[in-house]
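As structure tokens, the structure follows; a few thoughts come after it.
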Amino acid sequence: MKAEQQQRAGALPPAPDPALDPYLDAAARCFTRFGVGRTSVQDIARELGVNRTTVYRQVGNVRSAALLLVSREVDRILATLPGRIAGLDGPEAVVELLATVIEESLAHPVLQKMLTDERDMIGSLLAGEIPRLFTEITDRIAPLLRLLAGGGAIADRDPVVVAEWLTRIAVTVMVAEPRGPLRRFLAELLVPALRPYER
């Protein structure tokens, strides 16, 4: 299914082919400069040095390019998670992992621009794409939590439920930062909830 067909179906597209990276990088630069709502396909084409038809053929319209970019960035972050838990232990490891992912996401220039200038667009994207996004992230995090629980590092809770809770917390914190330090905010409930049961 093409990106625009998935967009009409209300689904976040799968991680795009790396061959599209130049188009998505150009789109990201335009989104950072102008905002997603003010970027045109012509802007992306000009940034890349190609004609508008080529951009349409490769990544579709601006909304489609934005969704492909989100999918790529989420996939890149998720791909690093197994390496991030190596050497970490206990519920505090989950807090550190979640805090790092949130901080890296917030440092992305396109998300920074949207949080500053286009908060209404974030709401629109979340309303349309968040069910698929939650499912994708949950499915990738759950095996890592199962691994930690199997080794006794965290409580043996349903990894799918915990993964979805972590995803929902992360998205909420990115849209509305907590009062006080991020790690303390996350640890307050996550550490007791994930501490292994006493035997």
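For reference, positions follow the sequence shown, starting with 1.
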- prompt: Would you find a donor on one side and an acceptor on the other, under 3.5 Å apart, between the side chain of E118 and the backbone of G37?
  reply: yes

- prompt: Are R183 and E103 within salt-bridge range, i.e. N to O under 4.0 Å?
  reply: yes

query: More than 12 heavy atoms of other residues, nucleotides or ligands under 6.0 Å from CD of E188: is that the case?
result: no

- prompt: A187 and V95: which non-hydrogen atoms are nearest, and at how many Å?
  reply: CA-CG2, 3.9 Å

- prompt: Between R46 and D43, is there a salt bridge with N-O shorter than 4.0 Å?
  reply: yes

task: Would you mind telling me which of T116, D117, V110 makes a side chain to side chain contact (heavy atoms under 4.5 Å, CB included) with K113?
output: D117

message: Nearest 0.5 Å, please: how far is CD1 in I154 from CD in E92?
response: 11.5 Å

field: S40 side, atom OG; R52 side, atom CZ - distance, nearest 0.5 Å
entry: 8.0 Å

message: So for atom CZ, which belongs to R33, do other residues, nucleotides or ligands contribute more than 12 heavy atoms lying within a distance under 6.0 Å?
response: yes

- prompt: For the hydrophobic clusters of this structure (ILVMFWY residues joined by side-chain heavy atoms under 4.5 Å, transitively), does one cluster hold both F134 and W165?
  reply: no

Backbone N/O of A28 and side chain of T32: donor-acceptor pair under 3.5 Å: yes

- line: Residues L145 and A163: closest non-hydrogen pair is CD1-N, 3.5 Å

statement: On a heavy-atom basis, the closest approach of P178 and V173 is CD-CG1, 3.7 Å

query: Which pair of heavy atoms, one from M174 and one from S105, lies closest together, and at what distance?
result: SD-CB, 3.3 Å

message: Are V161 and L98 linked, directly or through intermediate hydrophobic residues, by side-chain heavy-atom contacts shorter than 4.5 Å (ILVMFWY only)?
response: no

task: Please check if V162 and L189 belong to a single hydrophobic cluster, counting links between Ile, Leu, Val, Met, Phe, Trp and Tyr side chain heavy atoms closer than 4.5 Å.
output: no

- request: Among D75, T135, L81, V74, find the one that has a side chain to side chain contact (heavy atoms under 4.5 Å, CB included) with R140.
  value: D75

field: CZ/R76: more than 12 non-hydrogen atoms of other groups inside 6.0 Å
entry: yes

- prompt: Do V55 and Q42 have side-chain heavy atoms sitting under 4.5 Å apart?
  reply: no

Least distance between heavy atoms, P18 atom then P22 atom: O-CD, 4.2 Å

- prompt: Tell me, do D25 and R72 make a side-chain contact under 4.5 Å, heavy atoms counted?
  reply: yes

- prompt: Below 4.0 angstrom, N of the basic side chain to O of the carboxylate: do E164 and R168 qualify?
  reply: yes

message: Let me check something: do L182 and L97 share a hydrophobic cluster, defined by ILVMFWY side-chain heavy atoms less than 4.5 Å apart, either directly or through other members?
response: yes

message: Would the distance check show the side chain of R157 and the main-chain N or O of A193 forming a donor-acceptor pair, the cut-off being under 3.5 Å?
response: yes

- prompt: Under a 4.5 Å side-chain heavy-atom rule over Ile, Leu, Val, Met, Phe, Trp and Tyr, are M114 and I77 clustered together?
  reply: yes

Under 3.5 Å donor-acceptor, Q58 side chain and Y23 backbone: no

